[in-house]
Amino acid sequence: MTRLYETLCEACSHYLFPSNDPFGAVGITQTAFYRDVVALQKASNPPSVWTREAIRLITREWPYSLFFEPSLTSVLLEFLNTAPLKEEAINQADRLRRECQLPHA
């Protein structure tokens with residue numbers, strides 16, 4: 001499911017489907033698909049894994065997702081329903097941020 005979601009996100013900026021809305025072309029909204037992917041990730045992975053993946057899917061590889069679908073962050077927040085999960089998400093977001101930084105010259 002995650003790989004299919006990634007492919008549809010990629011199709012938002014590349015012509016892979018005969019549509020400007022690849023999620024609509026397969027009959028689902030991006031928000032609903034993201035919710036399903038996060039639910040599956042949460043059900044099958046520890047918090048350190050699924051929170052990182054959920055954040056990565058909306059920030060790292062397709063940053064335009066947040067511009068076109070700001071509701072994705074709201075979906076993520078639905079799954080971060082305890083203080084420990086919120087703390088884990090903050091930690092994972094910080095790790096992803098540090099990984100994306102270029103080394104100092």
Side-chain angles (χ1 to χ4, degrees):
M1 285 275 293
T2 299
R3 183 63 192 129
L4 180 56
Y5 180 84
E6 292 170 336
T7 300
L8 292 172
C9 284
E10 184 179 334
C12 289
S13 63
H14 302 330
Y15 192 74
L16 300 178
F17 291 88
S19 168
N20 289 336
D21 178 11
F23 289 94
V26 296
I28 194 166
T29 66
Q30 183 176 4
T31 304
F33 202 144
Y34 178 72
R35 181 177 281 111
D36 291 345
V37 169
V38 174
L40 287 171
Q41 288 281 338
K42 185 176 182 179
S44 59
N45 292 298
S48 62
V49 173
W50 76 261
T51 56
R52 179 183 177 88
E53 183 66 7
I55 293 166
R56 184 192 67 81
L57 286 173
I58 59 173
T59 60
R60 188 162 185 192
E61 295 190 21
W62 301 282
Y64 58 83
S65 289
L66 290 175
F67 177 74
F68 291 111
E69 284 290 344
S71 58
L72 296 177
T73 53
S74 296
V75 171
L76 175 57
L77 291 173
E78 291 172 18
F79 288 93
L80 303 175
N81 54 359
T82 66
L85 286 175
K86 290 177 175 94
E87 290 174 18
E88 185 62 43
I90 290 167
N91 291 335
Q92 293 303 326
D94 189 51
R95 285 188 185 115
L96 286 166
R97 180 193 55 80
R98 282 186 272 125
E99 288 173 11
C100 291
Q101 288 180 341
L102 296 175
H104 295 285

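Reckoned from all heavy atoms, side chains included, excluding hydrogens, waters and symmetry mates.
Annotation: salt bridge (charged side-chain N to carboxylate O under 4.0 Å, His left out) contacts involving residues 24-39, sequence neighbours excluded, comprise Arg35-Glu78.
Minimum heavy-atom separation, Thr51 to Ala89: CB-CA, 4.2 Å. Considering every non-hydrogen atom in both Asn45 and Trp50, the closest pair reads O-CD1, 3.4 Å. Considering every non-hydrogen atom in both Leu72 and Tyr5, the closest pair reads CD1-OH, 3.8 Å. The shortest non-hydrogen separation linking Tyr34 to Ile55 is OH-N, 4.4 Å.
In the hydrophobic clustering of this structure, Phe79 does not group with Val49; members are Ile, Leu, Val, Met, Phe, Trp, Tyr whose side-chain heavy atoms approach within less than 4.5 Å, directly or through other members. Residue Phe23 is grouped with residue Leu40 when hydrophobic side chains (ILVMFWY) are merged at heavy-atom distances under 4.5 angstrom, including chains of intermediate members. Residues Leu57 and Leu4 share a hydrophobic cluster, clusters being chains of Ile/Leu/Val/Met/Phe/Trp/Tyr side chains in contact below 4.5 Å.
A distance of 9.5 Å separates CZ in Arg98 from CG in Leu96, rounded to the nearest 0.5 Å.
The main-chain N or O of Ser74 is never found under 3.5 Å from a side-chain atom of Ser71 such that the two would form a donor-acceptor pair.
With respect to Leu80, the side-chain contact (heavy atoms from CB on, under 4.5 Å) criterion is satisfied by exactly one of Glu88, Glu87, Lys86, Lys42: Lys86.
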Could you go through the salt bridge (charged side-chain N to carboxylate O under 4.0 Å, His left out) check for Glu99 and Arg56 one step at a time? CA-CA 11 Å; Glu99 288 173 11; Arg56 184 192 67 81; over 6 Å; no
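By the 4.5 Å heavy-atom criterion applied to side chains, Thr2 and Glu53 are counted as neighbours.
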